[in-house]
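Heads up: the structure comes next, in structure tokens.
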Amino acid sequence: HYYCRQSESIGSTLLGYIGIDTIIEQMRKKTMKAGFDFNIMIVGHSGLGKSTLVNTLFKSQVSRWSSGWGGEHKIPKTVEIKAVSHVIEEGGVKMKLTVIDTPGFGDQINNENCWDPISKYINEQYEKFLKEEVNIARKKRIPDTRVHCCLYFISPTGHSLRQLDIEFMKHLSRVVNIIPVIAKSDTMTPDEKNEFKHRVRKELETHGIEYYPQNEFDDDMEDKNENDKIREAMPFAVVGSDKEFQVNGKRVLGRKTAWGVVEVENPNHCEFALLRDFLIRSHLQDLKEVTHNIHYETYRARRLNDNGGLHPISANNTQESNL
Amino acid sequence: MSNGARSVTEVHRNGNIMAQEKLLEGYVGFANLPNQVYRKSVKRGFEFTLMVVGESGLGKSTLINSLFLTDLYSPEYPGPSHRIKKTVQVEQSKVLVKEGGVQLLLTIVDTPGFGDAVDNSNCWQPVIDHIDSKFEDYLNSESRVNRRQMPDNRVHCCLYFIAPSGHGLKPLDIEFMKRLHEKVNIIPLIAKADTMTPEECQQFKKQIMREITEHKIQIYEFPETNDEEENKMVKKIKDRLPLAVVGSNTIIVVNEKRVRGRQYPWGVAEVENGEHCDFTILRNMLIRTHMQDLKDVTNNVHYENYRSRKLAAVTYNGVDNNKNKGPMTKSPLAQMEEERREHVTKMEKMEMEMEQVFEMKVKEKIQKLKDSELELQRRHEQMKKNLEAQHKELEEKRRQLEDEKHNWEAQQRVLEQQKLDASRTLEKNKKKKIF
């Protein structure tokens with residue numbers, strides 16, 4: 001015989017194995033079957049190695065350009081948004097990765113408001129999702145094109161953030177998860193790197209720019225500790241490469257210069273490994289959740305408030321709504 | 001035809017008047033001339049003005065320090081990049097460097113804030129203004145009566161720093177160079193060249209040179225000399241344009257040698273190693289071999305362009321024609337020709353105008369005359385009518401008069417008759433009575 005206690009604390013002791021813990025396995029199986037979407041946006045002026053880095057992150061040619069230098073990189077006259085999708089698979093898990101590139105950002109002589117097209121794109125994705133959600137006959141799985149993460153590339157000047165960097169991040173840190181990275185960090189010696197990171201962090205703080213992982217969204221102490229450590233180490237100083245070289249009998253990804261080989265995955269050389277682990281191995285799901293629960297909800301609340309209520313779409317399923 | 005005559009015709013065919021070489025019979029001594037020039041120049045000292053342009057964080061200050069092996073910018077006097085600028089400034093620092101008895105007054109012109117704002121339109125304008133103002137100063141001091149002190153503060157060379165993106169020139173780079181290549185010697189450099197691998201560097205250089213030719217930008221050209229050795233060196237430099245440089249303020253020990261370099265976890269990038277970057281080429285070219293040529297080109301080409309443009313604008317009745325005329329390199333004679341032609345056209349125009357006015361006036365006068373003629377005619381007719389009317393009246397009156405006269409005469413005759421009759425009767429009566 002057993003007796004159950006009322007609510008109170010954690011739980012009753014189990015007298016036998018029920019099998020509740022298998023739910024994790026069930027969820028895993030489901031996720032694996034369904035696969036998931038991940039949308040990453042890369043922003044920064046041309047020549048900072050954005051495409052190379054994304055290729056290195058996902059170990060495949062997922063960016064706009066194929067590897068290497070070849071091809072004419074014509075700078076467009078206005079900021080364009082180019083999204084390229086690939087399906088990559090690892091360990092039975094399928095991921096639909098969309099890389100959203102923004103050529104033309106910061107390249108013109110006059111860069112006033114060059115973040116407007118980007119802001120518009122992000123909001124358009126939220127709008128699309130909102131429309132689907134509000135539909136009476138909803139799809140079983142709403143295709144998620146919302147931008148889950150925006151990698152912002154900082155130029156390694158060694159001095160401080162540029163005016164454009166600050167403006168962009170100020171305008172967009174409330175709308176999307178921004179992860180600032182220091183591009184082409186093999187330009188700087190270790191001392192210069194530390195100094196630069198320190199200065200950049202201070203400037204971000206001064207201007208009130210909340211980059212991901214944001215302070216306010218830490219759930220519990222455990223999260224907070226982990227995220228604090230990460231926040232202290234950001235922005236990550238990265239180097240990207242898709243070429244392999246022999247170093248000490250091992251084949252490593254790197255860049256070969258006349259005075260040595262910069263190893264991409266060597267933590268002494270650059271922080272690429274940290275970025276990759278953070279972005280993909282530990283916080284990928286969290287990025288999606290924050291986007292859905294916080295950024296998207298903010299957008300939704302604003303939209304609904306602005307319109308004084310929303311009427312669901314009528315049954316003949318025209319795509320017009322009262323939005 | 002004698003020998004002498006033939007050589008003369010040969011000379012003219014070539015176009016150059018070649019002096020005939022004559023052998024000296026002894027030591028005259030003018031071989032000493034270069035030494036004299038040298039001594040004089042050394043006493044006078046040299047001046048050189050170098051301008052550095054580029055966005056902040058490209059290592060300009062560090063490169064200057066490395067080039068001249070002095071701490072022009074040090075922690076006590078930090079380079080302009082460390083200070084926050086809202087607009088583009090132009091700053092000058094002067095330093096006197098002495099080496100081997102030769103002294104050089106070096107002026108570095110820095111342009112902090114260039115290309116750093118969000119909106120960089122016209123960020124090249126302060127630079128252009130600065131260069132022009134230096135030219136103007138020189139022009140004024142050249143035109144003075146007392147020309148003993150003529151300091152040469154003109155900008156002799158502009159080092160333009162290109163960010164090592166690996167792709168190509170930015171729109172800002174192209175705009176800047178297009179606007180300044182006819183005012184100053186531009187030497188484009190690839191900054192922070194240790195960002196790129198050798199292959200990337202090659203590609204990048206090729207791409208930049210392609211874009212420079214495409215946009216017809218005239219960067220500083222190394223002159224050809226008569227010397228074979230030098231030409232080989234010049235060609236080597238030309239192949240490596242634009243020069244990819246690395247600067248450093250720190251000295252590192254590598255293989256028991258002290259070198260200037262940058263210490264990375266994967267190795268040391270040496271500044272003065274020709275395989276690592278083109279710094280030594282830049283230094284040799286800028287200081288050791290081509291400094292004088294840079295000054296000469298500035299003086300003979302850029303300054304003369306400025307001068308002829310400025311003076312041409314002023315001679316035309318003080319009207320500023322600078323905006324209408326493009327860059328000119330006309331000789332004074334051509335200038336005068338031009339002026340005369342303009343004067344003639346002006347005269348012709350005036351003549352035409354006068355003729356037009358004259359014609360107009362003539363027309364007016366004719367019209368007036370016609371009008372008054374008509375008027376006169378009208379009056380004439382009017383008068384004639386009047387006259388006729390009067391005539392008729394007169395006739396009428398005359399007739400009346402005639403009639404009256406007739407009547408009167410008739411009456412008179414009747415009266416006469418009566419009178420006669422009366423007198424006759426009287427006579428008769430008289431006769432009767434007398435008895």
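Reminder, nothing fancy here: chain letters follow the sequence lines and each chain counts from 1. These figures come from a predicted structure and were not determined experimentally.
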To the nearest 0.5 angstrom, please state how far the CD atom of A/Glu112 sits from the CG atom of B/Asn120. 10.0 Å
Rounded to the nearest 0.5 Å, how far does CG of B/Asp119 lie from CD of A/Gln108? 11.5 Å
Answer key: most heavy-atom pairs under 4.5 Å with chain A among B/Gly59, B/Ala269, B/Cys277 is B/Ala269
Rounding to 0.5 Å, atoms CH2 (A/Trp259) and CG (B/Asn273) come to a distance of 9.0 Å
Need one label for B/Leu58: side chain, backbone, both or neither, based on atoms under 4.5 Å from any heavy atom in chain A. neither
Polar side-chain atom of A/Lys256 near backbone of B/Pro198 as donor-acceptor pair, under 3.5 Å: no
Can you confirm whether B/Val118 sits close enough to A/Glu167 that some side-chain heavy atom of one is under 4.5 Å from a side-chain heavy atom of the other? yes
With respect to chain B, which residue among A/Val239, A/Thr257, A/Thr189, A/Val247 yields the maximal number of heavy-atom pairs within a distance under 4.5 Å? A/Thr189
Where does B/Leu169 contact chain A at under 4.5 Å (heavy atoms): side chain, backbone, both or neither? backbone
With respect to B/Trp266, which candidate in A/Asn266, A/Val261, A/Asp186 satisfies the side chain to side chain contact (heavy atoms under 4.5 Å, CB included) definition? A/Asp186
Using heavy-atom distances under 4.5 Å, tell me whether B/Gln263 contacts chain A through its side chain, its backbone, both, or neither. backbone
What's the separation between atom CG in B/Leu172 and atom CG in A/Asn110, rounded to the nearest 0.5 Å? 11.0 Å
From B/Met196 atom CE to A/Thr187 atom OG1, the distance as rounded to the nearest 0.5 Å: 9.5 Å
For A/Ser46 against B/His167, the heavy-atom pair lying closest together: C-CD2, 4.0 Å
Assert top hit (heavy-atom pairs under 4.5 Å, partner chain A, pool B/Glu270, B/Lys192, B/His276, B/Lys170) equals B/His276
d(A/His159 NE2, B/Asp116 CG) to nearest 0.5 Å is 9.0 Å
Taking every heavy atom of A/Asn268 against every heavy atom of B/Pro265, the minimum-distance pair comes out as O-CG, 3.4 Å
With only heavy atoms counted, which part of B/Val268 is less than 4.5 Å from chain A, the side chain, the backbone, both or neither? backbone
Heavy-atom nearest pair, B/Thr197 first then A/Arg255, reads N-NH2, 3.6 Å
In chain order, what residues pass the ring pair (Phe, Tyr, Trp, His ring centres under 6.0 Å) check against B/Tyr220, with sequence neighbours excluded? B/Phe222
Examine distances only and state if a side-chain atom of A/Arg162 and a backbone atom of B/Ser56 form a donor-acceptor pair shorter than 3.5 Å. no
Closer than 3.5 angstrom, by distance alone: can the side chain of B/Tyr264 be matched with the main-chain N or O of A/Val262 as a donor-acceptor pair? no
